[in-house]
Amino acid sequence: MSGKHQDISLEIGGKDGNIAIVRLTRGAKRNALSDGLIAAIRDTFQNLPDTVRAAVLDGEGEHFCAGLDLSELKERDAGQGMHHSRSWHTALDGVQYGPVPVIAALHGAVVGGGLELASAAHIRVADATTFFALPEGQRGIFVGGGGSVRIPKLIGVSRMTDMMLTGRVYNAEDGERIGLAQYLVPRGQAFDKAMELAERIAQNAPLTNYALMHALPRIAEQPADHGYMTEALISAIAQAAPDAKARVRAFLEGKAGTKVQRD
Ligand code: 1HE
């Protein structure tokens, strides 16, 4: 990392010490994303230790993230605004297309750029206090952190349009129902659930995780015949790895714990 930033922390944890816990630590400002914090998110995800197999992203205090730091908005001209948006794209692409899957542990406000950040994660776990909104419409601005690309993939263009036109706020339950989160847990339990999922993910073959993160969203953008080809290439690479061979052998030899089981 290019130096520690006061508004973010990185801890390495989990049973095998291979989970990165990335926390926004700007609770007093509801984890609002300043330029400095966006750069720190970029640097943190770009420089995760090689031993890390999954990451959990959460926010200190009552809210996951209040979005763009509005106090920095007022001084920007159009050119600076474009570069600012592009800097978010780089940082949030680094979350989505980094080395390991990212699970966002959500609570309280997940609004504006906070929802854009959460959308860059691979899995979102919301606790019962979570609420989702895109107040950009009310602030006279537009999403700029990749939200117009990522959020419609989660909930569709019409729901996102409604959120921005009307200021609609989704509570945790409705947010999970429409696809803003994949898991809904009781108040205060999002981090523990995210860690549990991270532990599971960390046990997968790293190459499979990488293929999922990097190939799936791209295949979704490709015409079907290109998608099939990409799928064939990735599956050939994954199955050729020694790790894959060892795992399949373990199943065929009836080794304990390799069967698919109900949760
Ligand atoms: C902030 C921000 C912020 C809080 N920028 N300082 N995002 C928004 O429009 C959401 C704006 N925030 C809120 O609606 C509320 O703060 C919350 C619902 C998130 C939390 O409410 P609450 O009552 O817990 O906190 P608060 O009293 O409103 O805020 C506490 C402090 O955080 C206060 O500062 P203080 O110095 O007076 O203590 C707030 O000013 C500060 N704060 N949110 C700056 N967002 C890439 S483009 C993305 C575009 C967007 O994200 S637009 C949506 C921006």
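Bear in mind that the values here come from a model prediction, so they are computed numbers and not experimental data. Quick note: residue numbers are just sequence positions, from 1.
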### Query
Under the salt bridge (Lys or Arg N to Asp or Glu O under 4.0 Å) test, which residues partner R26, sequence neighbours left out?
D7, D69

### Query
Linking I/L/V/M/F/W/Y whenever any side-chain heavy atoms sit under 4.5 Å apart, do L106 and I123 land together?
no

Please set out all donor-acceptor pairs under 3.5 angstrom arising from side-chain atoms of residues 131-152, sequence neighbours excluded.
| residue | atom | partner | partner atom | Å |
| --- | --- | --- | --- | --- |
| R150 | NE | Q96 | OE1 | 2.6 |
| R150 | NH2 | D93 | OD1 | 2.7 |
| R150 | NH2 | Q96 | OE1 | 3.1 |

### Query
Which hydrophobic side chains are connected to M229, either touching it within the sub-4.5 Å cutoff or through other members that do?
L233

### Message
Would a single hydrophobic cluster contain both V56 and L10, if residues Ile, Leu, Val, Met, Phe, Trp and Tyr are joined by side-chain heavy-atom contacts under 4.5 Å?
### Response
no

### Task
Examine L57 and I201 and state if one hydrophobic cluster contains both, with Ile, Leu, Val, Met, Phe, Trp and Tyr joined whenever side-chain heavy atoms are less than 4.5 Å apart.
no

### Flag, side chain of R168 to backbone of L165, donor-acceptor distance under 3.5 Å
no

#### Entry: Under 3.5 Å donor-acceptor, H5 side chain and I38 backbone
no

#### Entry: Sidechain-backbone polar pair: Q182 side chain, R124 backbone, donor-acceptor under 3.5 Å
yes

### Message
For the residue pair R86 / H83, report whether a side-chain donor-acceptor contact shorter than 3.5 Å exists.
### Response
no

### Minimal non-hydrogen separation, C65 against L24, with atom names
CB-CD1, 4.2 Å

### side chain to side chain donor-acceptor pair (under 3.5 Å) against E253, all qualifying residues, sequence neighbours excluded
K255

### Query
Do T230 side-chain atoms and I219 backbone N/O form a donor-acceptor pair below 3.5 Å?
no

### Query
Under the ring-ring contact (aromatic ring centres under 6.0 Å, His included) rule, what pairs show up with a residue in residues 189-222, not counting sequence neighbours?
Y97-H214, Y210-H214

### Query
Does CD belonging to E62 count more than 12 external heavy atoms closer than 6.0 Å?
no

### Minimum-distance pair of heavy atoms, taken over all atoms of S87 and H84
OG-O, 2.6 Å

### Summary
Here the salt bridge (charged side-chain N to carboxylate O under 4.0 Å, His left out) pairs for residues 227-248, sequence neighbours left out, are D243-R247

### Query
Are V111 and W88 co-members of a hydrophobic cluster defined by side-chain heavy atoms under 4.5 Å apart?
no

### Query
Between CG of L212 and CD1 of I234, what distance do you get to the nearest 0.5 Å?
10.0 Å

### Query
Is the closest side-chain donor-acceptor distance between T25 and Q6 under 3.5 Å?
no

#### Entry: Other ILVMFWY residues reachable from V260 by side-chain steps of under 4.5 Å
none

### Task
Indicate yes or no for a side-chain donor-acceptor contact from R159 to the backbone of G156 under 3.5 Å, with no hydrogens or angles considered.
no

### Residues I103, V125; criterion side chain to side chain contact (heavy atoms under 4.5 Å, CB included); working and verdict
CA-CA 7 Å; I103 303 106; V125 178; 3.9 Å; yes

### Query
CD1 of I178 to CE of M160: how many Å apart, nearest 0.5 Å?
11.5 Å

### Other ILVMFWY residues reachable from V157 by side-chain steps of under 4.5 Å
none

### Query
With a cutoff of under 4.5 Å between side-chain heavy atoms, which Ile, Leu, Val, Met, Phe, Trp and Tyr residues group with L252?
V248, F251

### Query
Should I41 and T44 be marked as a side chain to side chain contact (heavy atoms under 4.5 Å, CB included) after you check the CA-CA gap, both sets of side-chain angles, and the distance that decides it?
CA-CA 5 Å; I41 290 172; T44 302; 5.8 Å; no

### Task
Output every pair passing side chain to side chain donor-acceptor pair (under 3.5 Å) with a member in residues 189-204, not counting sequence neighbours, ordered by first then second residue.
K193-E196, E196-R200, N204-N209

### Message
Can you give me the closest heavy-atom contact between V95 and V102, atom names plus distance?
### Response
O-CG2, 3.7 Å

## Note on the structure
CG (L115) and CZ (F64) are apart, to the nearest 0.5 Å, by 9.5 Å

### Message
Please evaluate residues E173 and L184 with respect to the criterion side chain to side chain contact (heavy atoms under 4.5 Å, CB included), reporting the C-alpha separation (whole Å), side-chain torsions for both, the decisive distance (0.1 Å), and the verdict.
### Response
CA-CA 7 Å; E173 204 171 311; L184 176 61; 4.0 Å; yes

### Query
Do we see a donor-acceptor contact under 3.5 Å between the side chains of N31 and H63?
no

#### Entry: salt bridge (charged side-chain N to carboxylate O under 4.0 Å, His left out): pairs with one or both residues in residues 205-225, sequence neighbours excluded
K153-E221

### Task
Identify the heavy atoms of G27 and E60 that sit nearest to each other, and give their distance.
N-OE2, 3.0 Å

### Task
For residues A198 and A54, report the shortest heavy-atom separation together with the two atoms involved.
O-CB, 3.8 Å

### Query
Does the side chain of I8 reach to within under 4.5 Å of the side chain of L37, using non-hydrogen atoms?
yes

### Query
Taking atom CZ of R76 as the centre, does the number of heavy atoms from other residues, nucleotides or ligands within less than 6.0 Å exceed 12?
yes

### Task
Report the distance from atom OH of Y170 to atom CG of L180, rounding to the nearest 0.5 Å.
7.5 Å

### Message
If I take atom CG from residue L48 and atom CZ from residue R53, how far apart are they, to the nearest 0.5 angstrom?
### Response
11.5 Å

### Query
For the hydrophobic clusters of this structure (ILVMFWY residues joined by side-chain heavy atoms under 4.5 Å, transitively), does one cluster hold both V110 and L154?
yes

### Query
Do any pairs count as a side chain to side chain donor-acceptor pair (under 3.5 Å) and have a residue in residues 8-23, sequence neighbours left out, and if so which ones?
R23-D58

#### Entry: Side chain D162, main chain S158, donor-acceptor under 3.5 Å
no

### For G17 against I12, the heavy-atom pair lying closest together
O-CG2, 3.3 Å

